[in-house]
Amino acid sequence: MSKPSVNTLFGRARSEFRQSASVIIAAVIFITLAAVAASFYISQRERQAQQSIAHTIGNERHLSQLQSLLQDAEIGQRGFLLTNDRSYLEPYEVATRAVAGTLDALSEGVSDNSRQDGNVAVLRSMIAQKLSELRQSIARQSEGDNSGALAIMRTGQGKMLMDGVRETLKTMRAAEGRKLAERVSEARSADRRMEMVVFVLALVTAVFAILAIRSTTRRARSAELTRDELLSRLDRRLLAIMAADIAGYSKLMEGDETATLARLQMVRDLIDPIIESHAGTIVTTAGDSVLAAFSSALSAIDCALEIQREMANAHSASHDTERLLFRIGINVGDVVVQNGDVFGDTVNVAARLEAIAEPGGICISRTVRDHVRKQRTLIFDDLGFKQMKNIAQPVSAFRVREHPSQG
């Protein structure tokens, strides 16, 4: 049986990676949504519990306020009956005006507790009778019938009504307390259920983590085997790689796409023969970029210098905004050649050197400089060590210029 091709092995590795990534992404999405839902539910329950507590406290305040108003009204009535001083009626009048509104607020507050309906009805009736008793005695006193007013008070009906109001308020407070206890119990039950959900979610997460680790380990082993098999099949060569592209190409395309494409074709007609004349091979082209391989660093640097000279000459009469200026990066090293394409850090470094080159300039690695400096009279400006994307170690970079006498 024939062994699978390198492309097949690459495809297999990519497929396994996509499968792992899909599973991980799906799990992350599920766990995130579950966590958001749990957080929302917990916050809702907490808000409801706080609202219930505040609601019950509000009802308690209404109950206490109602009792206080009735006591103020009764105190004002007795002071007026005993002294015939109408200033004592001020707290009575304030209290009687506020009783109705407070009673309505209490009725609305306890409307969510059906057990309070009867209590509210009883309370309304007794308060109405108590206020009626207070008004009758005050009316008699105002008419000058002090004995008649005191007789109404001595019947004991007012005391009996007030005791009934206090007992009803006490009953209502107890009912509100039980309602609050029920709500607290419900909130705690919900919290326990939420804790169970969180526990299950954590358990699912732990199980998934274990499965993901096992799957990743298994796929890592598979990838290592695939890598070893790939390494045994790949064609490795020592090559000089030249990466070039046009500075500001995207902006030029935005300004005048048709004209820019026409000038690009003229440039390609100019540089492609130069690359071939220096025994270079154009590996890939994409839009304005060119990647070429040379058998030596000397051929690559000679080619780059000629390209920049010819480009400068070709655009010497052009306006600055119309010039097409190449940036060129060159590196030399071990390269993997597969199906006419090149791979490896050498290629990546060449592309990164091209990115830091000036428009119309050339940027090379130290390795390239060491290969050519004894054979070509050039100026090498040391740019220092550059940290480059996806390159583990900093790269020593140099700007290449021809001597003015050679230009």
Side-chain angles (χ1 to χ4, degrees), residues 239-332 335 337-344 346-365 368 378 381 383 386 388-391 397-402 406-407:
L239 295 174
I241 302 298
M242 183 184 76
D245 78 353
I246 295 174
Y249 180 73
S250 298
K251 185 177 181 180
L252 292 170
M253 287 289 287
E254 289 178 3
D256 190 338
E257 182 176 334
T258 302
T260 300
L261 288 174
R263 292 201 300 273
L264 176 62
Q265 185 58 51
M266 293 174 60
V267 168
R268 289 298 308 277
D269 292 340
L270 174 68
I271 69 169
D272 287 6
I274 296 175
I275 294 173
E276 293 177 6
S277 69
H278 289 277
T281 300
I282 296 176
V283 179
T284 59
T285 60
D288 64 315
S289 64
V290 177
L291 187 70
F294 299 83
S295 58
S296 71
L298 194 60
S299 297
I301 198 72
D302 287 343
C303 178
L305 290 169
E306 184 175 351
I307 287 175
Q308 296 296 38
R309 283 195 302 269
E310 292 299 324
M311 288 289 293
N313 293 333
H315 292 87
S316 59
S318 300
H319 191 273
D320 290 346
T321 59
E322 297 177 349
R323 291 182 181 179
L324 298 184
L325 300 176
F326 267 109
R327 296 179 302 183
I328 297 178
I330 303 175
N331 189 30
V332 64
V335 175
V337 180
Q338 176 64 36
N339 295 332
D341 207 347
V342 290
F343 306 94
T346 299
V347 180
N348 296 335
V349 170
R352 301 293 181 257
L353 289 169
E354 170 265 306
I356 64 174
E358 296 176 347
I362 303 169
C363 190
I364 64 174
S365 65
V368 175
L378 300 169
D381 298 326
L383 303 179
K386 300 292 185 180
M388 297 179 174
K389 183 180 179 181
N390 296 330
I391 305 299
F398 292 83
R399 181 190 301 113
V400 179
R401 293 182 291 126
E402 291 186 285
Q406 295 176 322

Once rounded to the nearest 0.5 Å, what's the spacing between atom [atom1] of [X] and atom [atom2] of [Y]?
{"X": "Leu261", "Y": "Met266", "atom1": "CG", "atom2": "CE", "value": "13.0 Å"}
{"X": "Ile362", "Y": "Phe398", "atom1": "CD1", "atom2": "CZ", "value": "15.0 Å"}
{"X": "Asp288", "Y": "Arg327", "atom1": "CG", "atom2": "CZ", "value": "8.5 Å"}
{"X": "Ile274", "Y": "Asp302", "atom1": "CD1", "atom2": "CG", "value": "12.0 Å"}

On a heavy-atom basis, which atom in [X] and which in [Y] lie closest, and how many Å separate them?
{"X": "Glu354", "Y": "Asp245", "value": "OE2-OD1, 2.7 Å"}
{"X": "Ile330", "Y": "Val368", "value": "O-CG2, 3.6 Å"}
{"X": "Gly361", "Y": "Ala357", "value": "O-CB, 4.1 Å"}
{"X": "His278", "Y": "Phe294", "value": "O-CD2, 3.6 Å"}
{"X": "Leu353", "Y": "Cys363", "value": "O-CB, 3.5 Å"}
{"X": "Ile275", "Y": "Thr281", "value": "CG2-N, 4.2 Å"}

Going by heavy atoms in the side chains, are [X] and [Y] under 4.5 Å from each other?
{"X": "Asp341", "Y": "Val337", "result": "no"}
{"X": "Arg309", "Y": "Glu402", "result": "yes"}
{"X": "Leu378", "Y": "Leu305", "result": "yes"}
{"X": "Leu291", "Y": "Met242", "result": "no"}
{"X": "Asn390", "Y": "Asn348", "result": "no"}
{"X": "Ile307", "Y": "Met311", "result": "yes"}
{"X": "Ile271", "Y": "Glu310", "result": "no"}
{"X": "Val332", "Y": "Ile241", "result": "no"}

Residue pair Leu325, Gln308: steps toward the side-chain contact (heavy atoms from CB on, under 4.5 Å) verdict: CA-CA 8 Å; Leu325 300 176; Gln308 296 296 38; over 6 Å; no
After noting the C-alpha distance and the side-chain angles of Tyr249 and Leu264, does the key distance pass the side-chain contact (heavy atoms from CB on, under 4.5 Å) rule? CA-CA 10 Å; Tyr249 180 73; Leu264 176 62; 3.4 Å; yes
If only atom types and distance count, is the side chain of [X] paired as donor or acceptor with the main-chain N or O of [Y] below 3.5 Å?
{"X": "Thr260", "Y": "Asp256", "value": "yes"}
{"X": "Asn331", "Y": "Thr346", "value": "yes"}
{"X": "Arg401", "Y": "Asp381", "value": "no"}

Would Arg399 and Glu358 pass as an ion pair if we require N to O under 4.0 Å? yes
